[in-house]
Amino acid sequence: MMEAILKYQETDAKLYKIERDLAGNPARKKALTAKKFLDGVAEATASLEAKAGECTQKYKMLAEAQNSLIKAVSEYDDVEETGEDEISYVQKKAKEVEGSILAMAQELKNLEDAISEIVASYEDLKKKTQQAQAMYKENAPLYNQARAEVKEEREALAKELETLKKAVPEKVMQMYLDRRNDKVPFPIVCEFPEGGKNCPACGMEFSLQELGEIKKEKVGACKNCHKILYL
């Protein structure tokens, strides 16, 4: 029984190495990084456009309000001979209006700065988008080439595994596949030494009950590192 799963693991390890080499391929990493950035460009652009629209609208409203206040000040300046009390009132109101104008001027300046930042962010996004496009265009074909170079070997190994799988008991095969999918490091199947008390892979000590089950079934699993163990 275990000879079959060990043979399966030996062949699967070759496929695993190819998969790991492809996963660590520098061109793949660069292409994925570029693609991830490009996938977010539309959302980033929409966010900048929304901010720009909001700032522009607010700027327009403040500019109109400021013009109205400036006009009000000029009306106060046109006031001619009046009583002392009325002059004092007009001067006070004119001062308040001028204060409001200054405050609005600062708000307008802040909005101008915000709009400038949005423009700079958009230009930066545009530049990085062009760089990401160039990176993807350069590296995606390189990664596809690397995949193509091992395609036949991968297919041959996959075909061999399907044949070897038929000789492995269903329960053991499922244990193996579950661990393979969970990315348990190779070797997934390890020999448990006769009379041993600890996992040969991670060193965890087994209880007497667990040891009894392994001896009885001739196969078990470590709850710590999840390796399949056999006697």
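Just so you know, these numbers come straight off a predicted model, no measurement behind them.
- From Leu164, atom CG reaches atom NZ of Lys159 across 12.5 Å, with rounding to the nearest 0.5 Å.
- Summarising the geometry, atom CD1 belonging to Ile115 is positioned 4.5 Å from atom OG1 belonging to Thr56; distances are rounded to the nearest 0.5 Å.
- For the pair Glu10 and Leu6, the minimum side-chain heavy-atom distance is 4.5 Å or more.
- At most 12 non-hydrogen atoms from other residues, nucleotides or ligands lie less than 6.0 angstrom from OH of Tyr136.
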Practice problem: Quick one: do Ile5 and Met2 satisfy side chain to side chain contact (heavy atoms under 4.5 Å, CB included)? Show the steps, please. | Solution: CA-CA 5 Å; Ile5 191 63; Met2 298 315 297; 3.4 Å; yes
Exercise answer: donor-acceptor pairs, residues 189-206 side-chain atoms, under 3.5 Å, sequence neighbours excluded:
unit_1 : atom_1 : unit_2 : atom_2 : d
Asn198 : ND2    : Gly203 : O      : 3.0

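- Note: Lys58 NZ to Leu111 CG = 6.0 Å, rounded to the nearest 0.5 Å.
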Quiz prompt | Leu177 and Lys165: CA distance, side-chain angles, deciding distance, side chain to side chain contact (heavy atoms under 4.5 Å, CB included) verdict | solution = CA-CA 11 Å; Leu177 293 176; Lys165 183 178 180 180; 4.2 Å; yes
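- Within the 3.5 Å criterion, the main-chain N or O of Ile188 finds a donor-acceptor partner in the side chain of Gln9.
- Nearest approach of Met175 to Gly220, heavy atoms of both residues: CE-O, 4.0 Å.
- In this structure, the separation between CG on Leu125 and CD1 on Ile118 is 13.0 Å, given to the nearest 0.5 Å.
- For Ile214 against Leu231, the heavy-atom pair with the smallest separation is O-CD1, 3.6 Å.
- Atom-to-atom distance recorded for Gln131:CD and Gln133:CD is 10.5 Å, nearest 0.5 angstrom.
- In this structure, Asp182 has no salt bridge (Lys or Arg N to Asp or Glu O under 4.0 Å) partners at least two apart in sequence or on a different chain.
- Counting heavy-atom neighbours within 6.0 Å of Tyr143 OH, excluding the residue itself, gives a total above 12.
- For the salt bridge (Lys or Arg N to Asp or Glu O under 4.0 Å) test, residues two or more places apart in sequence or in another chain that qualify with Lys109 are Asp113.
- When atom types are taken as modelled, the side chain of Arg147 and the backbone of Leu22 share no donor-acceptor pair closer than 3.5 angstrom.
- Within a 6.0 Å radius of CD in Glu123, more than 12 heavy atoms belonging to other residues, nucleotides or ligands are found.
- Glu43 places no side-chain N or O within 3.5 Å of a backbone atom of Gly40 that could act as its donor or acceptor partner.
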Practice problem: Using the side chain to side chain contact (heavy atoms under 4.5 Å, CB included) rule, take Leu157 and Ile18 through it: C-alpha gap first, then chi angles, then the decisive distance, then the call. | Solution: CA-CA 10 Å; Leu157 288 171; Ile18 294 175; 3.8 Å; yes
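- Surrounding CD of Glu152 are at most 12 heavy atoms belonging to other residues, nucleotides or ligands under 6.0 Å away.
- For the residue pair Val184 and His226, the shortest heavy atom distance occurs at CG2-CB, 4.1 Å.
- Considering only heavy atoms from C-beta on, Lys227 comes within 4.5 Å of Pro185 through its side chain.
- Of the possible polar contacts, none joining the Arg28 side chain to the Gly24 backbone as a donor-acceptor pair under 3.5 Å is found.
- Salt-bridge annotation for Glu19 and Arg180: present, with a side-chain N of the basic residue lying under 4.0 Å from a carboxylate O of the acidic one.
- The cluster map of Ile, Leu, Val, Met, Phe, Trp and Tyr, joined by side-chain heavy atoms under 4.5 Å apart, puts Ile228 and Tyr230 in the same cluster.
- Residue Thr11 holds its OG1 atom at 4.5 Å from NZ of Lys7, rounded to the nearest 0.5 Å.
- Of all the heavy atoms in Asn139 and Ala27, the pair that sits closest is CB-O, 3.4 Å.
- Under the 3.5 Å distance criterion, the side-chain polar atoms of Asp12 are left unmatched by any main-chain donor or acceptor of Tyr8.
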